[in-house]
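Encoded as structure tokens, the structure appears first; notes follow it.
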Amino acid sequence: MNVNYELTGPDGAPVVVLSNSLGTDLTLWDEQVPALAQELQVLRYDQRGHGGTTGKPGPYTLKQLGGDVLALLNTLGIRRAHFAGVSLGGMTGMWLAENAPERIDRLALICTSADLGPASMWRDRASVVRNKGTQAMVEPSLPRWFTPELVGRADIVEKFGGMLAAADDEGYAGCCEAIADMDLLPKLGEITAPTLVFAGAEDPATPPSHAEQIAAAVAGARLEVLSPAAHLANAEQPEAVNRLLLDHFTRSL
């Protein structure tokens, strides 16, 4: 599978992998890259079926999505990296930290969940997208992604509505099925990577209680609740997120 990625930052610096959410692409991280790339190599990529990454017929599993990351790291000769993910990207990060802990240094989980049921809702959404396309998800998704002050802004609608409409139908549906079948809770307590967990105070998709559950289960995890911020908190509160990510990922330098 052809994984679309971008690697920037100083040669020899520690690597941080940035993983996008369902329905977005690597440009979700546009506000983070300039700040992080001052001290880190930043490897951002598109989840399968999103952006420039090809999508195979679904359903997918988190093992497959995590495997895509491991294959990319192997291709680039990266043995170990920090990891930050939003929503589905955070789920991918938790899977990696649970199942390939030797590859993950520090972990940041932004507006995500270890148990985002009911599974039937995700399978129904996959069916809708296979029948009507990802364009059908734009109108209901933007109010979950951003607070009311931002959701009607023309630049937000153009950028984020556009990337959602451009996502491959089968890729989006397959990722929905990965969320439906994920089983991250039993092994959360086994995560050893130093972990920073973010929540958006106004996030209706993964409310702060989901972040609290993760932070309570992962030993030593730190929780930050951002406001105002809905589901794409890194896009809505870039300065705060950048500051916290840099502090978290450069503590070991």
Side-chain angles (χ1 to χ4, degrees), residues 1-21 24-55 62-112 159 163 191-198 218 220-222 224 232-235 237-253:
M1 187 179 67
N2 178 36
V3 175
N4 184 50
Y5 72 91
E6 177 186 284
L7 181 62
T8 56
D11 291 342
V15 176
V16 57
V17 179
L18 304 181
S19 184
N20 59 289
S21 61
T24 66
D25 60 32
L26 57 76
T27 63
L28 169 66
W29 299 99
D30 282 350
E31 297 297 324
Q32 278 66 59
V33 171
L36 295 178
Q38 294 179 34
E39 299 190 49
L40 302 164
Q41 284 196 81
V42 180
L43 174 59
R44 54 176 174 169
Y45 76 100
D46 290 325
Q47 294 268 16
R48 60 170 62 191
H50 290 69
T53 297
T54 55
L62 280 186
K63 182 177 181 179
Q64 289 176 306
L65 301 183
D68 294 340
V69 177
L70 295 176
L72 180 59
L73 293 178
N74 291 342
T75 297
L76 297 175
I78 299 169
R79 295 181 58 190
R80 188 171 173 86
H82 303 309
F83 191 97
V86 177
S87 194
L88 177 64
M91 298 166 194
T92 305
M94 284 183 278
W95 186 92
L96 288 164
E98 290 180 357
N99 294 280
E102 72 283 358
R103 308 300 297 271
I104 302 300
D105 192 345
R106 288 176 169 264
L107 181 65
L109 306 171
I110 303 173
C111 297
T112 189
K159 178 176 180 176
M163 71 174 75
I191 292 177
T192 57
T195 300
L196 174 61
V197 186
F198 292 84
V218 178
R222 175 182 168 193
E224 294 283 346
L232 301 187
N234 67 305
Q237 290 280 357
E239 291 184 6
V241 170
N242 293 351
R243 174 177 52 80
L244 291 163
L245 288 178
L246 270 172
D247 176 70
H248 182 60
F249 290 137
T250 59
R251 285 188 179 190
S252 58
L253 296 182

If you compare all heavy atoms of [X] against all heavy atoms of [Y], which two are closest, and at what distance to 0.1 Å?
X: G67; Y: W95; result: N-CZ3, 4.5 Å
X: D25; Y: G51; result: CB-CA, 3.8 Å
X: A13; Y: E39; result: CB-O, 3.6 Å
X: A97; Y: I104; result: N-CG1, 4.2 Å
X: A193; Y: L107; result: CB-CB, 4.2 Å
X: L246; Y: A35; result: CD1-O, 3.8 Å

Drop me the distance from [X]'s [atom1] to [Y]'s [atom2], to the nearest 0.5 angstrom.
X: I78; Y: Q41; atom1: CD1; atom2: CD; value: 6.5 Å
X: L36; Y: T8; atom1: CG; atom2: OG1; value: 9.0 Å
X: L245; Y: R106; atom1: CG; atom2: CZ; value: 12.0 Å

Taking [Y]'s backbone N and O only, do any of them form a donor-acceptor pair with [X]'s side chain (distance below 3.5 Å, no angle check)?
X: N242; Y: E31; result: yes
X: R79; Y: R103; result: no
X: H82; Y: F249; result: yes
X: N234; Y: L28; result: yes

Is there a side-chain contact (heavy atoms from CB on, under 4.5 Å) between L73 and V17 once you walk through the steps? CA-CA 9 Å; L73 293 178; V17 179; 4.0 Å; yes
Are [X] and [Y] side-chain neighbours, meaning at least one heavy-atom pair lies under 4.5 Å?
X: L76; Y: L43; value: yes
X: V86; Y: W29; value: yes
X: S21; Y: L232; value: yes
X: R222; Y: V197; value: no
X: R48; Y: T54; value: no
X: M94; Y: T112; value: yes
X: Q32; Y: V241; value: yes
X: T92; Y: V69; value: yes

If the threshold is 4.0 Å, N to carboxylate O, is there a salt bridge linking R243 and D247?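 Salt bridge absent between R243 and D247.
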Decide, yes or no, whether a salt bridge links D30 with R44 under the criterion of side-chain N to carboxylate O below 4.0 Å.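 Yes, D30 and R44 are salt-bridged.
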Option among L96, L109, D105 that satisfies the side-chain contact (heavy atoms from CB on, under 4.5 Å) test with F83: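 Among the candidates, only L96 passes.
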side-chain contact (heavy atoms from CB on, under 4.5 Å) partner of M163, the single match among T27, N20, L26: T27
Looking only at the side chains, is there a donor atom on one of Y45 and T53 sitting less than 3.5 Å from an acceptor on the other? no
Please evaluate residues L88 and L65 with respect to the criterion side-chain contact (heavy atoms from CB on, under 4.5 Å), reporting the C-alpha separation (whole Å), side-chain torsions for both, the decisive distance (0.1 Å), and the verdict. CA-CA 9 Å; L88 177 64; L65 301 183; 3.8 Å; yes
Determine, stepwise, if the pair K63 / N99 fulfils side-chain contact (heavy atoms from CB on, under 4.5 Å). CA-CA 9 Å; K63 182 177 181 179; N99 294 280; over 6 Å; no
Looking at E102, I'd like to know if its CD atom is crowded, meaning that more than 12 non-hydrogen atoms belonging to other residues, nucleotides or ligands lie closer than 6.0 Å. yes
